[in-house]
Amino acid sequence: MATRIIFATGNEGKMREIREILKGLNLEIVSMKEAGIERDAEETGTTFEENALIKARSIAGLTYDIVMADDSGLEIDALNKEPGIYSARYLGEDTSYDIKNTTLLNRMKAVPEPRRTARFVCALAAILPTGEELVVRGEVEGRIAYEMKGKYGFGYDPIFYLPQYGCTSAELLPEKKNAISHRGKALTQMYKLLSEREI
Ligand code: ITT
């Protein structure tokens, strides 16, 4: 019987959101670091789903707990869906998000409003102690803003404008972002799949 979910991520921003969204499950949610596991799986997949599974599989053999991982990113239609699965690696893993976001805003400068469509995607993989693998996907549609705004969230949130809320996802309070985000949607689907199983 599993008592914990170990989330295979080194991203603290993701981890905060995951804890908040899954807090209703009667399972302890811990990061790899908290579980004392150090792994940095090479993301060699060509889709969000493949990479989520690669990350989850990289630690699944090391524990009897449930293992989960997400692979997520921002797809900008006018930039041929860049940065996409390379969102964390765009301009280099260690480059600040101020620079990444400013560069994307500059690349989008001449793009007119109707063509500024974009979405956040989150593929979420879980591997159960039985070996069963589950993968779900959540998406949220939005637009690329004209300037960075907001202090919540992380990553590309300051340039992701949500027309239905009239603000960027970095301006939304965390509970609000989790209620509508790609990660929130994927985790809600996974929550349902897990609740249907004896875990
Ligand atoms: P792990 O692989 O260790 O989980 P990572 O940050 O490398 O951490 P990904 O490969 O899935 O994770 O890259 C996701 C990137 O996409 C993330 O670093 C952000 O740049 C961006 N991103 C994903 N979800 C986001 C969100 O909710 N808000 C803002 N940016 C997001």
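Atoms within each ligand, like the ligands themselves, are counted from 1 in listed order.
- F120 and F48 are not part of a single hydrophobic cluster, where members link through side-chain heavy atoms under 4.5 Å apart.
- At a cut-off of 3.5 Å, with distance as the only test, no side-chain donor of Y161 or E147 sits close to an acceptor on the other residue.
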- Starting from the C-alpha separation in whole Å, work towards a yes-or-no answer on side-chain contact (heavy atoms from CB on, under 4.5 Å) for V135 and L124. CA-CA 6 Å; V135 187; L124 176 67; over 6 Å; no
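- Minimum heavy-atom separation, V67 to A60: CG2-CA, 3.9 Å.
- Atom 23 (C) of ligand 1 has its closest protein heavy atom at S72 OG, 3.2 Å.
- The protein heavy-atom contact nearest to atom 7 (O) of ligand 1 is A88 CB, 3.4 Å.
- Donor-acceptor pairing under 3.5 Å is lacking for the side chains of N11 and T9.
- Which parts of ligand 1 touch D70 is read off a 4.0 Å heavy-atom cut-off, strictly below it: atoms 11 (O).
- The shell of residues lying under 4.0 angstrom from ligand 1, judged by heavy atoms, excludes K100.
- Listed for the R107 side chain is no donor-acceptor partner under 3.5 Å among the backbone atoms of L79.
- Under a 4.0 Å N-O distance rule, the pair R116/D77 does not qualify as a salt bridge.
- Here the protein heavy atom with the shortest distance to atom 12 (O) of ligand 1 is K14 NZ, 2.9 Å.
- Heavy-atom contacts of N11 reach the following atoms of ligand 1: 3 (O), 6 (O), 8 (O), 18 (O) (cutoff under 4.0 Å).
- Remark: E17 does not engage K185 in a salt bridge, criterion side-chain N to carboxylate O under 4.0 Å.
- In this structure, Y97 counts as a contact residue of ligand 1, since one of its heavy atoms falls inside 4.0 Å of the ligand.
- Residue G73 places a heavy atom less than 4.0 Å from ligand 1.
- Distance from atom 29 (C) of ligand 1 to its nearest protein heavy atom, with residue and atom name: F154 O, 2.9 Å.
- Numbered from 1 in the order shown, with element, the atoms of ligand 1 that lie under 4.0 Å from a heavy atom of K55 read 1 (P), 2 (O), 4 (O), 9 (P), 10 (O), 11 (O), 12 (O).
- Under the 4.0 angstrom criterion for non-hydrogen atoms, R89 is not in contact with ligand 1.
- When all heavy atoms of R197 and L193 are compared, the closest pair comes out as NH1-O, 2.9 Å.
- With hydrogens and angles left out, the side-chain atoms of R143 and T117 include no donor and acceptor closer than 3.5 Å.
- Counting the atoms of ligand 1 from 1 in the order shown, those under 4.0 Å from a heavy atom of D71 are 9 (P), 10 (O), 11 (O).
- S87 CB, 3.3 Å is the protein heavy atom nearest to atom 16 (O) of ligand 1.
- What sits closest to atom 1 (P) of ligand 1 on the protein, heavy atoms only, is T9 OG1, 3.4 Å.
- Heavy-atom minimum distance, V136 versus A186: CG2-O, 3.3 Å.
- Proximity to E43 (heavy-atom distance under 4.0 Å) selects the following atoms of ligand 1: 2 (O), 10 (O).
- When each atom of ligand 1 is checked for a heavy atom of G155 under 4.0 Å away, the hits are 29 (C), 30 (N).
- Across all non-hydrogen atoms, the minimal contact from K100 to L91 is CA-CD1, 3.8 Å.
- Nearest protein neighbour of atom 27 (O) of ligand 1, counting heavy atoms only, is K177 NZ, 2.7 Å.
- Ligand-side atoms of ligand 1 in range of Y156: 20 (O), 21 (C), 29 (C), 30 (N), range being under 4.0 angstrom from any heavy atom.
- Of the protein's non-hydrogen atoms, R183 NH2, 2.9 Å is the one closest to atom 24 (N) of ligand 1.
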